[in-house]
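To keep things clear, I will list the structure first and then write my remarks on it.
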Amino acid sequence: MSGSRTAEIVKEASMLKQKTMIAANYDLLAGAQATGRRVVSTFVPGNLNELIMCFDMVNNLPEINAIQNGMRKKSGPLIQEAEKRGHSEDVCAYVKADLGMIARGNIGPDGRALPPPDLLLLSYTGCFTFMKWFELLRQHYKCETAMLHVPYEGEGHATKAMIAYVVKQLREEVIPKLERASGTKFDIDRLRENLRESARAEEDFVWVLESAKHRPSPIDAYFGGVYYIGPIFTAFRGTADATDYYRLLRSEIAQRIEAGAGPITPDGKAHPERYRLVVEGPPSWPSFHEFWKMFYDEGAVVVASTYTKVGGLYDLGFRHDPDRPLESLAEYCLGCYTNRNLPSRIDLIEQYMADYQADGLLINSIKSCNSFSAGQLLMLREIERRTGKPAAFIETDLVDPRYFSPANVRNRLESYLQMIEQKRGAIAAAAA
Amino acid sequence: MAASADIIDRCQHIFDDLHFRAARDWKAAVPGRFVVGYMPFYVPRELIHAAGGLPLGVLGGGDQLEVIHGDAYYQSYICRIPRSTLELAVTGRLDFVDAMLFPSTCDVIRNLSGMWKILFPKVRARYFDVPQNFSDHIGGTFYIHELTELRALLAELAAHAVTDDAIRASIALYNENRRLVRAVYALRARMPWQAPAAEVYLLMRAGMVLAVEEHNRMLDAYLEAAAAEKRPMRDNSRVVVTGAFCEQPPLNLIKSIELAGCYIVDDDFLLVNRWEKSDVPAEGDPIAALAGAYLHNSVNMAAKYEPDEERKGLHLVEAVRRTDAEGVIFACPSFCDPALLDRPMLQTVLARHNIPYIAFKYAENSGQMQPIREQAGTFADSIKLWSEP
Amino acid sequence: MRCFIGVDLGSTTTKAVVLDENLDVLGRGITNSRSNYDTACRVARYEALIATRFTLVRRGLAALPDLSAEIDTFLADLDRSFRLEQFLDQLADLSETCRAHTRAERFRDTGGAMREAIEAVFVRLRAEAPALFAPGARRKSDFFRDIAGSRFMAVAQEVAREAALSYDPLLNVYDKAIIEVENRPPHEEMRDGFLRALARIHADADSLSQVVHTALDIPLEDTAQVGTGYGRVTLPFPKEKIRSEILCHGLGAHMMYPDTRTVLDIGGQDTKAIQVDAAGIVENFQMNDRCAAGCGRYLGYIADEMNMGLHELGPLAMKATRTVRINSTCTVFAGAELRDRLALGEKREDIMAGLHRAIILRAMSIISRSGGVRDQFTFTGGVAKNEAAVKELRQLIAENYGAVEININPDSIYTGALGAAAFARRAAG
């Protein structure tokens with residue numbers, strides 16, 4: 001999830017490492033046809049990276065391609081390309097950025113052609129659109145498609161029947177198709193080893209997220225957080241590289257905590273901490289840095305975010321478990337943030353508000369993503385009612401630059417932060 | 001014998017009544033009765049009926065409801081049905097509903113299930129999942145579990161167990177309902193001037209509110225009346241309307257399409273009425289029968305995964321062939337993810353089969369019919385031109 | 001005396017309010033937000049300071065009980081005369097600037113004739129100026145640009161015809177000059193203007209004029225200034241002197257009506273609902289989302305579509321006998337929906353009533369989103385001046401929230417500036 005960053009931007013060792021990892025994966029994709037490596041396309045939430053690794057397949061993530069194109073400000077024309085081809089302006093911009101990219105020769109964000117997938121692994125987790133997206137890709141590629149239906153946690157928890165359903169699909173649908181597509185036999189011990197490696201990285205990842213409980217927070221858990229989730233949410237979970245990355249990141253953050261330092265802004269400066277916020281919703285990628293700047297210019301640090309939970313809710317204790325490999329994968333898929341029902345999501349945010357001593361909740365409502373967005377106004381009302389802290393609402397989009405109005409966003413953000421400050425003043429005055 | 005106009009008058013009355021008097025009366029008539037609301041596109045109504053409950057289709061507020069509080073919960077880029085449905089509830093119009101079921105139509109309806117839990121804690125709100133895997137021992141097993149959980153919830157509401165016998169009896173009644181519904185659709189496909197689309201729609205809408213026994217009598221009477229009356233036939237083109245399986249099209253939109261010169265000979269309105277393509281077995285294990293019917297004998301639509309790429313969209317081609325239609329109108333609600341994401345795929349398939357189509361969007365409260373009339377009228381004319389040798 | 005100034009830089013007008021230490025309003029000023037925000041801000045502030053002087057004069061006069069009968073007439077005369085003097089000053093500036101523009105290279109051949117024509121135009125404009133400010137005279141606008149512009153065009157056309165000159169170059173020169181004049185910061189001296197105004201009403205010798213002199217001698221100390229409004233980021237103020245319009249609006253409404261708990265503002269570009277506590281502190285706010293459906297601009301589109309003035313829509317709607325249901329407040333579809341209804345044979349006034357209801361329904365949703373109406377309710381913004389909108393609002397508030405006191409202040413346009421000035425007062429301690 002790291003994006004393009006201009007030359008003058010200061011990079012820490014962990015960032016450089018992640019950059020190398022991502023570049024290496026794009027290298028594998030670019031060379032797949034030459035090397036004969038089989039390619040699987042799949043989604044971030046509920047992805048089965050440890051399983052995919054068992055088949056030596058290269059992982060291509062359309063969402064990440066859309067994000068990368070968004071951050072490189074290339075998504076606008078791609079979306080318009082898809083709309084020109086009959087896709088509605090109303091629907092998800094990730095889908096359109098992806099289809100637009102394919103229509104224009106499938107040139108990836110790094111400028112090299114992406115290979116056609118040998119298998120579409122449709123992990124249908126927490127987002128209805130995924131299903132249609134892969135049906136659209138399937139119509140284009142006419143390739144083997146494995147559907148993994150992950151039931152929604154409508155009652156707020158995973159039931160035994162749900163886990164059994166997912167495990168059965170893994171065993172009887174997904175694994176046989178992966179075997180066929182890759183020509184490699186499934187080895188459950190290899191899966192166990194990968195899961196063991198995942199769990200190591202997950203420990204450090206959770207430590208990183210929870211470091212934001214310090215005052216000042218050494219990290220920004222949203223704008224920085226989207227970099228931190230990169231390896232573990234994508235093609236690297238279960239690799240030694242990911243474990244090393246989180247070890248390195250952890251040591252960098254530990255140093256900041258020791259120094260009493262806050263997060264570092266993209267221009268390498270100290271990020272002041274005047275407001276501690278919890279943020280719900282994905283970021284807007286084409287305006288990512290502009291959006292972030294609005295926060296750090298005002299001294300707003302995000303101490304917890306829900307977007308960094310779309311690829312797994314590790315801070316609630318989940319770890320991939322080598323002793324229950326398929327069950328553990330099923331539980332992982334079921335527990336991703338947007339697969340949890342709305343009351344659970346609200347409870348989680350309420351808990352973050354308390355645990356991270358936040359001043360308020362900011363919702364970035366994303367036009368593309370109804371899975372996140374439908375119900376957020378109730379969420380806002382509930383969090384205000386339960387915590388007595390103010391919440392605010394801004395609206396942007398994932399990768400459609402037409403839906404990011406800087407003046408509008410800045411106006412609301414400033415109004416909101418000033419409101420927090422005014423309330424603080426009132427509370428202080430009442431206490432005096 | 002009742003005239004079709006009288007029957008349709010009654011349906012119109014039920015349709016216009018945003019307080020659901022018919023369902024309230026049904027509930028009040030016998031102590032202990034309960035009402036289970038459901039949203040489109042599908043729930044197993046047999047189970048609710050078997051438990052002694054009334055399945056009530058909750059389909060938004062239409063074009064006559066002013067939405068204030070429902071709008072407060074939704075951004076402008078979200079479709080209309082959840083906001084008007086919330087408005088109905090917030091304003092007390094659904095205060096007699098004991099439980100609400102939210103089928104897995106899309107993320108918006110899915111999330112609405114959680115909103116309902118928070119906003120109306122006294123109502124049993126449940127997200128009702130259906131499998132996207134169609135193997136009996138995988139998706140089927142999961143679905144039997146879902147149905148069993150629903151059965152338990154209904155037993156709680158009924159305060160008595162829901163027996164297999166009761167479910168089998170309900171399946172038989174709903175089989176009868178589906179046979180009658182299919183007969184109405186078949187009549188219309190054969191002689192669309194005898195059963196105008198707006199009438200058929202109203203007739204089906206009544207089935208969302210009335211008890212199935214009464215709806216069966218109504219369908220029967222309509223079939224008899226419609227066959228007996230002679231109505232003028234017009235030189236209309238024959239079209240299939242698709243995309244309108246969740247948020248309801250305004251009645252005026254349906255009328256406008258026909259007024260513009262298109263007979264609607266098939267549609268995907270109120271799919272729950274004819275979800276299973278033929279009878280559900282009324283003997284043996286009734287839960288297994290319902291699950292089996294879902295997996296192997298139910299219609300295709302956007303919220304349901306199509307495992308076979310080669311079959312994608314063919315249901316629409318088959319509908320065109322079966323009803324002798326000449327084109328397809330995609331009428332999708334604005335911001336409807338499943339319908340709008342599916343649309344380009346279906347269009348590709350139609351184009352491959354040389355079936356003409358047009359597309360427009362609506363909201364349940366759309367007021368402007370002029371563009372619809374123009375497009376449908378042009379479509380009807382162009383179909384006639386194409387079909388000339 | 002200590003003065004606390006709030007400036008609200010809006011998208012169409014810029015407002016300023018001057019408060020004294022006791023939070024009493026000393027003066028209000030308004031001007032059009034021209035291309036130069038800095039100047040707009042200075043002009044509004046200057047206007048508010050002029051009004052402040054008038055307040056001081058009035059306060060001084062209040063100490064002369066024998067004159068109470070004459071005070072109002074005197075103040076009205078003084079005001080008109082002062083405005084006239086101000087107008088003449090600006091006219092002189094405009095005249096000079098127009099003349100300068102005729103010296104452009106492209107007028108090498110015609111420049112002389114044009115200068116003569118311009119001289120003639122301004123002679124007439126100066127001559128008719130006193131009538132514009134005569135007792136009982138009605139002006140369409142108080143902004144110099146509007147008054148001078150409409151008169152210049154009328155007079156210049158006549159002059160051009162008489163001199164057999166082309167009108168277009170004159171208009172072109174005017175267009176360039178008015179922008180320059182309008183964007184020239186005001187000279188903040190006003191004593192001279194007051195004295196000339198006094199002379200004009202022949203009041204320079206008596207006790208009334210003494211009061212004016214005394215009022216002019218009171219030093220106005222610019223103790224603190226706070227800016228707000230959509231254009232606030234462009235204000236030449238340090239960051240800590242800038243407050244969001246939401247906060248200012250909430251506080252301003254609280255100052256007008258201390259029991260206000262909910263504020264609705266429907267402006268041209270956005271609609272906001274603000275909840276404030278007993279001290280005027282904002283507790284929650286909601287604005288229309290990205291979609292501008294149902295804002296004042298919607299009425300603007302409708303007016304354009306109907307070929308009517310914006311201010312005529314409300315009165316037309318009031319004539320309705322029934323309300324046509326309009327379901328779309330989308331500005332993009334407004335015209336189409338309107339034509340559709342007209343084509344169906346609906347009456348214009350009934351459609352208008354429906355459109356006003358649609359806008360207010362949209363606002364009701366935003367209010368509901370912000371937490372509903374809990375106590376006194378204050379309605380501000382341009383749409384609050386529209387009687388049909390107010391009527392629908394009253395009805396819907398009553399239906400949804402019961403009997404609630406609804407406040408609509410004729411000075412509601414100054415709500416944000418008032419709040420900003422109050423912030424300035426608070427910051428100064």
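What you see is a predicted model, and the numbers here were worked out from it, not measured in a lab. We name chains A, B, ... by the order of the sequence lines, and we start the count at 1 in each one.
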Relative to chain A, which segment of [X] carries a heavy atom at a distance below 4.5 Å: side chain, backbone, both, or neither?
{"X": "B/Pro307", "result": "backbone"}
{"X": "B/Thr105", "result": "backbone"}
{"X": "B/Ile138", "result": "both"}
{"X": "B/Asp129", "result": "side chain"}
{"X": "B/Ser334", "result": "both"}

Any pair with a residue in residues 77-86 of chain B that passes salt bridge (charged side-chain N to carboxylate O under 4.0 Å, His left out), sequence neighbours left out, goes on the list, sorted by first then second residue, please.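 Residue pairs with at least one partner in residues 77-86 of chain B: B/Asp71-B/Arg83, B/Arg80-B/Glu364.
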Pairs touching residues 139-149 of chain B that satisfy salt bridge (charged side-chain N to carboxylate O under 4.0 Å, His left out), sequence neighbours left out: B/Arg126-B/Glu146, B/Arg126-B/Glu149
Any carboxylate oxygen within less than 4.0 angstrom of a Lys/Arg side-chain nitrogen, looking at A/Arg385 and A/Glu382? yes
Carboxylate-amine/guanidinium contact B/Lys312 B/Glu309, below 4.0 Å: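 No.
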Part of [X] lying under 4.5 Å from any heavy atom of chain B:
{"X": "A/Ile366", "value": "backbone"}
{"X": "A/Leu380", "value": "neither"}
{"X": "A/Tyr124", "value": "side chain"}
{"X": "A/Gln169", "value": "both"}
{"X": "A/Leu148", "value": "neither"}
{"X": "A/Arg345", "value": "side chain"}
{"X": "A/Ser344", "value": "neither"}
{"X": "A/Asn370", "value": "both"}

Of all residues at least two apart in sequence or in a different chain, which pass the ring-ring contact (aromatic ring centres under 6.0 Å, His included) check with B/Phe102? B/Trp116
Check B/Tyr38, B/Phe245, B/Phe41 against B/Trp275 for a ring pair (Phe, Tyr, Trp, His ring centres under 6.0 Å) and give me the one that passes.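 Of the listed residues B/Tyr38, B/Phe245, B/Phe41, the ring pair (Phe, Tyr, Trp, His ring centres under 6.0 Å) partner of B/Trp275 is B/Phe41.
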Only pairs of heavy atoms separated by less than 4.5 Å count here; which of [options] has the most with chain B?
{"options": "A/Glu173, A/Met162, A/Met379", "value": "A/Glu173"}
{"options": "A/Val95, A/Ile346, A/Thr129, A/Leu136", "value": "A/Leu136"}
{"options": "A/Ser365, A/Gly154, A/Gly86", "value": "A/Ser365"}
{"options": "A/Gln376, A/Glu89, A/His87, A/Glu155", "value": "A/Glu155"}
{"options": "A/Ser373, A/Gly375, A/Pro151, A/Ala161", "value": "A/Ser373"}

Within 45 degrees of the axis of the six-membered ring of B/Tyr294 and under 6.0 Å from its centre: does B/Lys304 put its NZ or CZ there?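 B/Lys304 over B/Tyr294 ring: yes.
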Would you kindly check if the NZ (Lys) or CZ (Arg) of A/Lys367 is within the cone defined by 45 degrees around the ring axis of A/Tyr403 and under 6.0 Å from the six-membered ring centre?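 Yes, A/Lys367 lies over the aromatic ring of A/Tyr403.
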Minimal non-hydrogen separation, A/Leu170 against A/Pro176, with atom names: O-CD, 4.0 Å
Heavy-atom pair of closest approach, residues B/Glu306 and B/Asp308: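 For B/Glu306 and B/Asp308, the tightest heavy-atom pair comes out as OE2-N, 3.0 Å.
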Below 4.5 Å, heavy-atom pairs only: which of [options] has the largest tally toward chain A?
{"options": "B/Gly139, B/Ser113, B/Pro82, B/Ala125", "answer": "B/Gly139"}
{"options": "B/Val108, B/Ile144, B/Leu112, B/Val349", "answer": "B/Val108"}
{"options": "B/Tyr127, B/Phe128, B/Phe142", "answer": "B/Phe142"}

Once the angle between the rings of A/Phe130 and A/Phe43 is folded into 0 to 90°, is it parallel (under 30°), tilted (30 to 60°) or perpendicular (over 60°)? parallel
Quick check: under 4.5 Å, non-hydrogen atoms only, which of residues 354-363 of chain B neighbour chain A? B/Lys361
No-hydrogen, no-angle side-chain donor-acceptor test under 3.5 Å, B/Gln75 and A/Glu395: no
Would you please say whether a donor-acceptor pair under 3.5 Å links the side chains of A/Lys168 and B/Ser135? no
How about B/Pro55 and B/Val36: do any of their side-chain heavy atoms sit closer than 4.5 Å? no
Verify whether the ring centers belonging to A/Tyr416 and A/Phe393 lie closer than 6.0 Å.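 So the answer is no for these two rings.
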Donor-acceptor contact below 3.5 Å, side chain B/Glu87 vs main chain B/Val67: no
